[in-house]
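The sequence lines fix the lettering, A, B, ..., with proteins before strands; numbering per chain opens at 1.
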2 protein chains.
Amino acid sequence: MRMTDNFLEELCKKGNIRVTSQRKIIASVLLKAKEHLDVEEIHKRAKAIDSNVSIATVYRTMKLFEDNAIVTAHNFSEDRTYYEIVSKEHHDHLINIENGEIIEFHNKQIEELQKRIAEKHGYKLIGHKLELYCIPKSTNHN
Amino acid sequence: MRMTDNFLEELCKKGNIRVTSQRKIIASVLLKAKEHLDVEEIHKRAKAIDSNVSIATVYRTMKLFEDNAIVTAHNFSEDRTYYEIVSKEHHDHLINIENGEIIEFHNKQIEELQKRIAEKHGYKLIGHKLELYCIPKSTNHN
DNA sequence: TTAATTGCAAACCATTTGCGCCAGC
DNA sequence: GCTGGCGCAAATGGTTTGCAATTAA
C-alpha cells in the first residue's frame, strides 16, 4: 500500500472500518513523526492533540494499522515495540548502539543476495529483517 | 568464547560465579538441544532431570549465560525469547513462516556487504541480525 | 563461615480484553 | 438504529525480584 494523506479513507473501503477522530489523530501523529515511535510516545502525542485518546485505543489502532500494512513494527529494544509508518520504499536499519540512533539504508545487492540464499535452500523469500549494530568509526573502542 | 563441555568452569574463573547443580543441568539441556529453546521448554527439560529447578532460576541462568556470551537470545515470535547456545561459527536464520522451522545459514558475501554499508555511513559494524522469512518454493501462494 | 544462589510467591509492565456507553454511517 | 469503536479498569502472561533458606567454596 502507498502512503497518502488519506490512507484512512482507503482503509475504510477495505472493510467495516470507521474513520474515527481517534484514528485520524493517531494517523496524523504517525505522519508527522519521522522517527520510530513506541505506543507510549504515540499516546503522549495523541493526547496533546485531544486528551480523549486512551492508550488502549492506541494499541488497538496500531494493530489495525499493522494488519493493514500502514505501519511496520520493530523490536529493536526487546521489551518495547516501535512503529514506523510504511514509506514509499523498503529499507533496513543501522543502529548506533552508543545512543540508539537509527539510520535507514537500502542496498540492492543485499536484497538480491537474500533472495538467492532463500532459493538455494528451496524457499521463496517473503520478507526479511536486517539490522546492523554499530558504533561511530571515530569512537575507538577497538 | 568457544563452546566447550566445561564452559561452566571457564565461566567461574571470570567472576564470583559458582558451579551449581542447577546451572550444570541447564547447561546440559542447552548442549543437548540443537534447536532454539524458550525458557518454558528449557525449564521443562531441566525439571525432567531434576524437578528441583525453578523457572526463576532458568530465567536468571539464561541472563547469566547471555551476559557471558554462552547463549544468544532471539525474538523470532515477538512475545517469547528463544535461546541458542553459541556455536563455533556465526550464522543467520531463515524462517519458514508456514511452520516456524528455522534453518541456519552463513554467507560471507552478505557479511562483507554489511561491513561495507556500515563503513559507508561512518560506522563500525559490531553485530547484526538477519532473518529471512520464507515459504517453501513448492508452495505456490504466489 | 559467608556470600552467592535458589525457590517461592508477589511484583512488574507491556499489551490485551470484557463491558457498558458512545458515535460513525 | 445498528454496529463498530472507545474509555476504563481488570486480566494476561512473560519476566523480574524480595526474601528467607540453602549451598558452593
Side-chain angles (χ1 to χ4, degrees), chain A residues 6-29 36-44 46-68 70-83, chain B residues 6-29 36-44 46-68 70-83:
Chain A
N6 56 336
F7 62 84
L8 263 181
E9 283 71 12
E10 294 180 18
L11 219 188
C12 295
K13 292 172 194 161
K14 291 169 75 174
N16 283 326
I17 296 172
R18 294 180 183 169
V19 179
T20 67
S21 65
Q22 288 90 337
R23 287 176 184 166
K24 278 190 212 161
I25 290 169
I26 293 171
S28 79
V29 165
H36 304 70
L37 306 178
D38 59 17
V39 170
E40 200 183 337
E41 182 63 29
I42 296 169
H43 183 221
K44 200 170 95 186
K47 273 202 306 191
I49 300 175
D50 179 347
S51 61
N52 224 32
V53 178
S54 78
I55 194 140
T57 294
V58 177
Y59 275 108
R60 284 191 270 235
T61 303
M62 292 322 290
K63 179 172 284 181
L64 177 74
F65 284 1
E66 195 185 353
D67 289 345
N68 287 280
I70 291 177
V71 298
T72 316
H74 295 290
N75 291 272
F76 300 131
S77 80
E78 310 287 277
D79 52 330
R80 241 181 176 63
T81 301
Y82 286 84
Y83 291 95
Chain B
N6 56 335
F7 62 82
L8 263 181
E9 282 71 13
E10 293 181 19
L11 220 188
C12 295
K13 294 174 193 159
K14 291 169 75 175
N16 284 325
I17 297 172
R18 294 179 182 172
V19 179
T20 66
S21 66
Q22 287 89 338
R23 287 177 184 164
K24 278 189 210 161
I25 290 169
I26 293 172
S28 79
V29 166
H36 304 68
L37 306 178
D38 59 16
V39 169
E40 199 183 338
E41 183 62 29
I42 296 168
H43 183 221
K44 199 169 96 188
K47 271 202 305 192
I49 299 175
D50 178 348
S51 62
N52 222 33
V53 177
S54 78
I55 194 140
T57 295
V58 176
Y59 275 108
R60 285 190 270 234
T61 303
M62 293 321 292
K63 179 172 286 181
L64 176 73
F65 284 0
E66 196 184 354
D67 289 345
N68 287 279
I70 290 176
V71 299
T72 317
H74 295 291
N75 291 270
F76 300 131
S77 81
E78 309 288 275
D79 50 332
R80 240 180 176 65
T81 301
Y82 287 83
Y83 292 95

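Closest non-hydrogen pair, A/Thr81 versus A/Ala73, comes out as CG2-CB, 3.7 Å. Annotation for A/Arg80 and A/Asp38: closest pair NE-OD2, 2.6 Å, computed over non-hydrogen atoms. The shortest non-hydrogen separation linking B/Ile49 to B/Ser28 is CD1-OG, 3.8 Å.
Across the interface with DNA chain C, nearest-nucleotide mapping of B/Arg23 and A/Asn75 shows B/Arg23 to be the residue nearer the 5′ end.
A salt bridge does not link B/Glu66 with B/Lys63: every distance from a Lys NZ or Arg NE/NH1/NH2 to an Asp or Glu carboxylate oxygen is 4.0 Å or more.
Residues B/Thr20 and B/Thr57 are not in side-chain contact: their nearest non-hydrogen atoms beyond the backbone lie 4.5 Å or more apart. Under the 4.5 Å side-chain criterion, counting only non-hydrogen atoms from C-beta, B/Met62 is in contact with B/Ile42. Under the 4.5 Å side-chain criterion, counting only non-hydrogen atoms from C-beta, A/Ile26 is not in contact with A/Arg23.
Rounded to 10 degrees, the angle between the two end axes of the helix from C/dT1-D/dA25 to C/dC25-D/dG1 is 30°, with five pairs used at each end.
Spacing between atom NE2 of B/His43 and atom C1' of D/dT15 amounts to 14 Å, rounded to whole angstrom units. Following rounding to the nearest Å, B/His74 (NE2) and D/dG14 (P) show an atom-to-atom distance of 20 Å. Between the CG atom of A/Asp50 and the C1' atom of D/dG7 there is a distance of 12 Å, rounded to whole Å. The OH-C1' distance, from B/Tyr82 to D/dT15, rounds to 15 Å in whole Å. In this structure, the NZ atom of A/Lys44 is 14 Å from the P atom of C/dA14, given to the nearest Å. One interatomic measurement links the two molecules: CZ of A/Arg80 to P of D/dT15, which rounds to 17 Å at whole-angstrom precision. C/dA14 atom P lies 14 Å from atom CD of A/Glu41, rounded to whole Å. When rounded to the nearest whole Å, the span between NZ of A/Lys24 and P of D/dC6 equals 12 Å.
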* Structure fact -> Protein-proximity profile, nucleotides 16-25 of chain C, B/S/- by nucleotide at the 4.0 Å heavy-atom cutoff, equals BBB----BBS
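Annotation: the span from A/Thr61 atom OG1 to A/Lys24 atom NZ amounts to 13.5 Å, rounded to 0.5 Å.
In this structure, A/Asp38 reaches neither bases nor backbone, as no heavy-atom distance under 4.0 Å exists between it and the strands shown. Among the protein residues, A/Asp79 comes within range of the sugar-phosphate backbone only, with heavy atoms under 4.0 Å from sugar or phosphate atoms but none that close to a base. Within the 4.0 angstrom heavy-atom criterion, no nucleotide atom of any strand lies near A/Glu40.
Comparing atom distances between the A/Val39 side chain and each of D/dG14, C/dT15, D/dC6 picks out C/dT15 as nearest.
Close to D/dT23, at under 4.0 Å from its OP1 or OP2, lies no side-chain N or O of B/Gln22. Not one side-chain nitrogen or oxygen of B/Ser54 sits closer than 4.0 Å to the OP1 or OP2 atom of C/dT6.
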* Asked: What do the steps show when you test A/Ile25 against A/Asp50 for side chain to side chain contact (heavy atoms under 4.5 Å, CB included), and what is the final call?
  -> CA-CA 8 Å; A/Ile25 290 169; A/Asp50 179 347; 3.4 Å; yes
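In this structure, A/Tyr82 and A/Phe76 have tilted ring planes: the angle between them lies in the 30° to 60° band.
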